[in-house]
*Asks:* 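Quick one: the structure is below, questions incoming.
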Amino acid sequence: MPCDYESLAKLGSIMGSGGMIVMDETSSMVDVAKFFMEFCMDESCGKCVPCRVGTAQMHELLRQISAGEATARELALLEHLCEVVKSTSLCGLGQSAPNPVASTLHYFREEYEAKIAAGEAAAAGHTPPAGGAA
Amino acid sequence: MGKTITIDPVTRIEGHSKITLKLDDAGHVSDARFHVTQFRGFEKFCEGRPFYEMPALMARICGICPVSHLVASAKACDAILAVKIPETAAMLRQVLNLAQMIQSHALSYFYLSSPDLLLGFDSDPAKRNIFGVLEKNPQDARDGVRLRRFGQQVIETLADKRIHPAWLVPGGVDQALTADKRDLVLSWLPECYEIVGRTLERTKQSLEGFREEIRTFANFPSLFMGLTTADDKLEMTDGVLRIVDANGKVVVDNADPSTYRELIGEAVEPDSYLKSPYFKPAGYPGGMLRVGPLARMNVIDGIDTPRANEEWAEFRSLERGAVLSSFHYHYARLIEILFGLEKIDQLLHHPAILSKQVRAHARPNNFEGIGVSEAPRGTLIHHYRIDENGLIEWANLIIATGFNNLAMNRGILQAARHYISSQEIHEGMLNRVEAVIRSFDPCLSCSTHAVGAMPLVVELRDAGGRLLDRKAR
Amino acid sequence: MSSRPSAKPAAPAPSSKVKTLTIDDRLVSAREDESILDAARDNGIQIPTLCNLDGLTPVGACRLCMVEVKGSSRLFASCVTMVGEGMEVVTDSERLQKYRKTIVELLFSERNHVCAVCVSNGHCELQNLAQLLGVTHLTVPYLNPKLPVDASHERFVNDHNRCVLCQRCVRVCGEVEGAHTWDINGRGIGARVITDLNQPWGSSETCTGCGKCVQVCPTGALTEKGKSVREMSKRTRFLPYLTMMREDRSE
Ligand code: SF4
Ligand code: SF4
C-alpha cells in the first residue's frame, strides 16, 4: 500500500501521527476504536457541544459494547453519534473523531456484532454462546 | 415447625413494603412485622443544594402529600431566614394545607377504606374497591370523588398547579389571592358540607357493626402527639406540640416544635428503612407514639369551628380517656374534613386574606432551621443545617408514617393474633391485617391501591425458609 | 437591515456591499458583513441558537445554528458564516432537525438538569429548545457527573449542574463589563466556567457584582440567590442597547 495522503484518505485515515498503526489479528477492533475515542475525548478542547459531549458519549458506548453490556440499540446510537459529531463539530478534531469507529465498523462489523450478541444474550438473561465474544 | 406468611405487594416499586407473619409450631402468630423498604435518600440528595430550593425539592418526596412537605420545608426555610411571614401568607398556607388534608383524607376514607367499611371485610375481593362501592353505594362513591376534587381544585386554584405546587416559598407565598379565586372556592363549600354531614352520620351509625374490629385494630395504650394552637385547639399548619397519654393526661404541653430533639428519639430497625421515632423521656420502645387524625383528636381540648367541635365532643365521649382504637382513625378523618371546610370558610372570609403583602424577603440569618406541620397522616418535621453560603449541609426529616411505625407493628400483631392461625387462612383475615395498616393511612404506595385490589403475594414458609404455599391476588 | 449591533462597525460602511442570496427558497439581500443567521432573522426566518446572543461576539460553540449551503456537503454554523452572493441556504432540513435534536440531548445528558426543581424552570433557553425541537426524552445515557455549586457570592449562585458552556458569561464579562472575571478551565468534557483563577466567586477581586453574566446565562446555572423554583427569569434585552450606546459615545 502506498503511503501518501491520497491513499490513506481513501482508506478513511489521515496522514499524521497515529494515522497508521500496525497490529496483529488478535487485537479487538472495538477496543482499538475505544482507544482512539479516548484520545479524542481527552484532546477535545470542549468549546463545541458535539465534540465535547459526543466524544464522551461515544467513548462510553464503546466501553459498553466492548464489555458486552450493549445491545443493538447502543450500536445504532453509536453510528448516529458518529454522523452527528462528524458533521457538526467545529474543528478537525471533532470532525475526524468518529473515523476510527466508522472504519472499524466498515471493515470489522462482525466484531461489533459478536459483542452485541453477547450483550443481548446477557440482557435476555442467559450466558452468551461459547466463543461469542471476539 | 414455625411458618412465615408474607404479604407482599410485589408490583409496586416505590414505597415497597410487605407484611410478614411468623407462626409458631402450634400455628399461632408469634410475630408480625411491617417492613418498609422505601428509602429514597432524599436527605443525602439535598446536601449541597441551595436551601431555598428545598421546598420544591422536598415536595417531590411524596406524590400524595406534596403540600405537607412544602409547608414543613417552607417553614424550616423561614426559620433559616429568621423571618415572621406576613399574616396573609400564613393564612394562605393554612388554606393550602387544609385543602391537601381534605383531598388526602377523602382518598383514604372513600377510595381505600370505604370498600371494607361499606361492602364488608369479607366481601368478594374482586369487587372490594371503589368500583364495587360505585355499584352498591353510588352516592358514597360520588361523594368521595367530589370531596377529593374539592381539595385538588383548591390547590389548583391557589397554586396554579395540582401536583407539586411551587407556590409556597421561603418567607411566604409567591402570589396573592384574588377575589375571583376566593369566591370560586367559597362557592364549592355548601355541597362539601352536605357530603361530610351525611358521611359522618352514616359512619357513626355503622360503628356498632364493627365492634370486633374496633376492639382488635391496633387498640392499645400509647402516647399521642400533635400540634395545637396556643389555646390547645386543633391546628394543622403552625402551633405548638402537645403529647398526651392513654388516659388523655397531658404529658408535654406548649412545646416549641424546634425543640423536637428533646422530645423525640429515633431508632432504626434492621429490617426496615423506616425510622421509628419515640418519646425520648419514656425510652424505646416504651415511648411509642401515635400521630395523625386519631392522635390530633386526642391531644386537643376542642376545635375552634362550631360543627367540627360538636363532632369532636361526641367522638371523645366514645371512651373516658383518649380514644385508643386505631379503627377510629377513619371517624377522626371525617371530623377533620369537616374542620378543614369550616376553617377554609373562616380564613377566606378574613378581611386581610386578599392582601398583596404575602412574602417576607431576607438573607439567611440562621445556620439551622426546623419546620413542623401536621400532614394528613400526622406530625411532619423538616430540619436543615446550612453552610455560610446557604448550601444545605445536613438535613433530617421525620415523617408521620415513621412516627406511627411502632404502633403499626404492634397493631398488625394484635390483629393477626386475633384473626389468623395456620389451620385456616381466609382472604378476609389477611384483608383485616392489611386494613389495620390502612387505618393508619401510611404514606406508601402500597396504601394507594385506588383501583382494584392491592396486589398481594402471600407466602407460607416453614422455619427453614422452604416455600410451602403461595397465593397471589 | 440588521438590528444587531456587533463588535464590528455597526453603521454600514460606505464600502459595504449588498449581497443577494436565497434562504429557504426566499430571495433575500444582506450586507456582505452580515452573518447568515442575522440575514435569516432580519427576514423572519428563525434558526435555533443557544450560545449566540445579540450584542456579544459570536463563537459558533453550540452548533445548533448549522445550516446547509447548496454545493457544499459540509454544514455551516450560520452565526459565524457571512453571507455570499448567490448562496442557497437551507435552514431546516430533516437532517438538520435530527442533528439539532441530538445536540440538545447531548447538552441535557452532560450535566444534571432536574427542571422540576430548577429556579429557571419555565424561563430556560435550553428547555425552550427542547420544546421547540421536540426533545421529550433522551436516547443518549445521562453522564451524571458530580458537580459543585458555588454559592460564595453575596447575591449570585453558580450551579455547574446546569451550565451548558455557552460562554455567554465569559463574553459579556470581558466584552461588555470589561472585568473578565469569567473563564473556562479544563478541556473537553471536564471544562468548567471559573471566576478569576478558579477562586470562589465570592472572593473574586475582579467581579464588579454587575450581574450581567446572570442575566445573559441561558439556563439556571447563574442565578440570583434566594429565587425559588420557576422564579428566575432573565433579562437580556439590556445588552443590544448597552452596546449601541457605547458605540455611539466612542464615535
Ligand atoms: S437549567 Fe434549564 S434545562 Fe437545566 S434544569 Fe434548569 S430549567 Fe431545566
Ligand atoms: S454559566 Fe451560564 S452563561 Fe456561563 S457558560 Fe454556563 S450556561 Fe453559559
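All chains are named by letter (A, B, ...) in the order of the sequence lines, taking the proteins before the strands, and each is independently numbered beginning at 1. Values below: all heavy atoms of this structure, side chains included; hydrogens, waters and symmetry mates excluded.
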*Asks:* Would you mind telling me which of Gly46(A), Cys51(A), Ser44(A) has the largest number of heavy-atom pairs within less than 4.5 Å of chain C?
*Replies:* Ser44(A)

*Asks:* Examine whether an atom of Val80(C) lies under 4.5 Å from a heavy atom of chain A, and if so say whether it belongs to the side chain, the backbone or both; otherwise answer neither.
*Replies:* neither

*Asks:* Whether the side chain of Arg63(C) engages the backbone of Thr88(A) through a donor-acceptor N/O pair (distance < 3.5 Å, no angle test) should be reported.
*Replies:* yes

*Asks:* Could you tell me whether the side chain of Arg73(A) and the main chain of Thr139(C) form a donor-acceptor pair under 3.5 Å?
*Replies:* yes

*Asks:* How far apart are the closest heavy atoms of Val164(C) and Arg52(A), and which atoms are they?
*Replies:* O-NH2, 3.2 Å

*Asks:* What is the distance from atom SG of Cys51(C) to atom NZ of Lys47(A), rounded to the nearest 0.5 Å?
*Replies:* 8.5 Å

*Asks:* Which distance, rounded to the nearest 0.5 Å, do you find between the CG of Leu165(C) and the SG of Cys48(A)?
*Replies:* 11.5 Å

*Asks:* List the atom of Leu106(C), the atom of Gln57(A), and the distance in Å for their closest heavy-atom pair.
*Replies:* CD2-CG, 3.7 Å

*Asks:* Do Thr102(C) and Pro50(A) have side-chain heavy atoms sitting under 4.5 Å apart?
*Replies:* no

*Asks:* Got a sec: does the NZ of Lys86(A) have more than 12 other heavy atoms crowding it under 6.0 Å?
*Replies:* no

*Asks:* Which atoms of Glu43(A) come close to chain C, meaning under 4.5 Å heavy atom to heavy atom: side chain ones, backbone ones, both, or neither?
*Replies:* both

*Asks:* Flag yes if more than 12 heavy atoms outside Asp25(C) fall under 6.0 Å of its CG atom; otherwise flag no.
*Replies:* no

*Asks:* Any side-chain heavy atom of Lys98(C) sitting closer than 4.5 Å to one from His80(A)?
*Replies:* yes

*Asks:* Of the backbone (N, CA, C, O) and the side chain (C-beta and beyond), which part of Glu83(A) lies under 4.5 Å from a heavy atom of chain C, both, or neither?
*Replies:* both

*Asks:* Any side-chain heavy atom of Val49(A) within less than 4.5 Å of one from Val104(C)?
*Replies:* no

*Asks:* Which bit of Ser89(A) comes within less than 4.5 Å of chain C, counting heavy atoms only: side chain, backbone, both or neither?
*Replies:* backbone

*Asks:* By a 4.5 Å heavy-atom criterion (distance strictly below it), what part of Leu90(A) contacts chain C: side chain, backbone, both, or neither?
*Replies:* both

*Asks:* Please examine the side chains of Ser87(A) and Arg74(C), heavy atoms only from C-beta on, and report whether any two atoms are closer than 4.5 Å.
*Replies:* no

